[in-house]
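Take a look at the structure set out below.
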Amino acid sequence: MSAVEAAAPDQVSVTCAGPEITRERGQRQVFCGLAGIVWLHRKIQDAFFLIVGSRTCAHLMQSAAGVMIFAEPRFATAILQERDLAGMADCNQELDRVAAEVLGRRPDIKTLFLVGSCPSEVIKLDLAKAAERLSDVYQGRVRVIDYSASGLETTFTQGEDACLKSLVPQMPQLPPESRSLLVVGTLPDVVEDQFARLFKDLGIGPVHFLPPRHATEFPPVGSGTSVLLAQPFVGETLRALVERGATLLKAPYPFGIEGTLAWLRAATDAWGISGETLESATAPAIARAEKALARQRELLAGKRISFLPDSQLEIPMARFLQRECGMELVEVATPFLDRQLMEAELPLLPQGLRLVEGQDVEHQLDRVRADRPDITVCGLGLANPLEAEGLCTKWSIELVFTPVHGFDQAADLAELFARPLVRGSLLKV
Ligand code: SF4
């Protein structure tokens with residue numbers, strides 16, 4: 001389901017390092033944070049996500065995501081029908097019953113996430129208390145953690161941020177005098193393995209990843225932890241890690257050759273490893289990536305692209321497409337612009353770029369219609385209407401479902417944008 005928020009349209013211009021940013025406020029159309037469960041449940045193999053929501057939430061997970069996630073929609077339905085305190089007390093009992101049913105059936109589950117939704121937030125169901133209560137019941141066997149993926153005031157990648165932030169208090173303390181590298185943001189296992197090998201070749205370690213593959217393997221955190229962000233939408237998680245003493249290594253995101261090399265360089269600099277070592281460890285992968293990317297660049301160079309605000313991946317993607325694939329950026333819009341997370345990315349964008357934070361969807365669609373870019377990156381809800389108007393689109397959600405990080409995926413990332421253009425030109429023929 002798309003969450004649509006209405007607010008008074010409003011535009012403000014602000015500046016920072018890089019291009020000028022226009023803030024736009026109004027109706028917006030994005031997926032909610034429940035979408036994150038689709039990739040998080042694949043990554044954390046012994047976790048279970050119990051959505052405390054409505055039938056709508058269950059339908060989102062089953063149809064849009066194409067997976068069956070267990071949910072008890074009657075909680076929310078019952079709650080919405082009975083807003084009194086007696087109804088809420090019943091709801092807690094029902095939640096305990098469903099949790100017992102799930103955990104009885106699935107002894108392999110080591111972490112149970114209680115995932116809040118719009119309905120559970122509207123009736124103010126206290127999932128933190130429920131998680132505490134259930135943690136006591138299943139002490140030593142299952143960890144019960146709550147987070148909100150509600151579609152009110154959020155965008156779909158914030159679901160991952162909320163989930164990872166909820167894990168931070170569970171992470172063990174890194175012993176004093178130790179140091180480690182923590183890579184934050186979900187990566188497909190194959191990409192995680194590539195990065196782990198590269199860090200090993202570079203002499204950086206120990207390296208941990210958040211989220212872990214198993215909820216029983218929480219990485220440690222402390223004042224010796226250096227954080228590299230793999231995804232540009234984990235700002236709340238970062239701030240929770242910093243509160244536990246961790247330090248952010250500022251870098252562009254590991255998309256494309258340039259971004260990946262700069263990201264690795266942030267780690268080698270922090271570990272005092274020479275530029276020559278970095279160069280020799282990465283040279284074979286860069287040579288492969290350059291060769292593969294050249295083919296996609298031929299298809300993309302000179303093509304005009306607009307990003308509608310959806311995934312929070314827009315800025316690093318735009319940087320990669322403009323600098324490494326020769327594309328022309330017509331407009332780059334992002335739902336939220338976290339200055340700290342984008343500090344290393346913004347200066348890499350061209351001056352004069354139309355950079356927009358937030359959304360007023362009707363105005364934005366008017367601009368797309370006037371600009372008629374060769375390709376528009378947007379959410380699923382907007383893609384079909386734009387295609388019907390003869391505009392070529394790319395679903396932004398694919399960028400989180402597909403392995404796109406690192407040298408070996410640089411050409412695959414470019415191909416995600418080239419494919420709709422090639423298809424469009426074939427259809428025209
Ligand atoms: Fe819709 Fe909210 Fe449920 Fe998401 S959490 S599916 S926006 S009701």
Side-chain angles (χ1 to χ4, degrees), residues 1-7 25-42 47-83 87-88 91-92 94-95 98-99 102 112-128 130-131 145-166 186 233 236 308-312 335-336 358-361 378-385 395-398 400-401:
M1 161 185 179
S2 296
V4 179
E5 176 228 1
R25 294 287 177 267
Q27 281 209 329
R28 59 197 183 90
Q29 189 160 29
V30 291
F31 269 117
C32 68
L34 290 183
I37 294 172
V38 178
W39 62 90
L40 284 165
H41 92 281
R42 282 189 199 140
F48 195 98
F49 294 80
L50 180 62
I51 302 159
V52 185
S54 63
R55 288 189 191 282
T56 311
C57 309
H59 287 153
L60 169 87
M61 295 310 296
Q62 288 169 30
S63 52
V67 291
M68 176 63 199
I69 298 284
F70 184 90
E72 283 291 337
R74 59 201 160 81
F75 286 145
T77 311
I79 293 158
L80 284 169
Q81 286 164 359
E82 297 194 25
R83 290 163 188 258
M88 288 182 71
C91 170
N92 277 308
E94 191 62 0
L95 184 57
V98 175
V102 168
L112 176 67
F113 287 101
L114 301 181
V115 186
S117 64
C118 306
S120 69
E121 284 198 358
V122 168
I123 57 105
K124 302 204 183 327
L125 176 60
D126 194 338
L127 287 184
I145 302 172
D146 74 290
Y147 77 90
S148 170
S150 142
L152 304 172
E153 295 279 343
T154 58
T155 190
F156 73 94
T157 45
Q158 283 175 289
E160 172 169 344
D161 194 17
C163 176
L164 299 191
K165 186 188 173 193
S166 76
T186 301
F233 44 73
E236 291 298 318
L308 267 55
D310 199 44
S311 65
Q312 299 191 81
F336 307 101
Q359 187 171 44
D360 183 353
V361 69
C378 59
L380 273 74
L382 295 175
N384 278 352
W395 293 350
S396 56
I397 203 163
E398 276 187 67
V400 281
F401 288 150

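Counting starts at 1 for both ligands and their atoms, following the listed order.
The atoms of ligand 1 that sit less than 4.0 Å from any heavy atom of Cys32 are 4 (Fe), 5 (S), 6 (S), 7 (S). Using a 4.0 Å cut-off to heavy atoms of Ser117, the atoms of ligand 1 that qualify are 5 (S).
At a cut-off of 3.5 Å, with distance as the only test, a side-chain donor of Ser148 or Glu121 sits close to an acceptor on the other residue.
Taking 2.8 Å as the threshold, Cys118 does not count as a candidate ligand of atom 4 (Fe) of ligand 1, since none of its N, O or S atoms lies below it.
Panel note: side chain Ser117, backbone Val52; a donor-acceptor pair is recorded below 3.5 Å.
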* Kindly determine whether Thr186 and Leu40 satisfy side chain to side chain contact (heavy atoms under 4.5 Å, CB included), including the steps that lead there. => CA-CA 7 Å; Thr186 301; Leu40 284 165; 3.6 Å; yes

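Ring geometry, Phe31 versus Phe156: the interplanar angle exceeds 60°, so the pair is classed perpendicular (tilted spans 30 to 60°).
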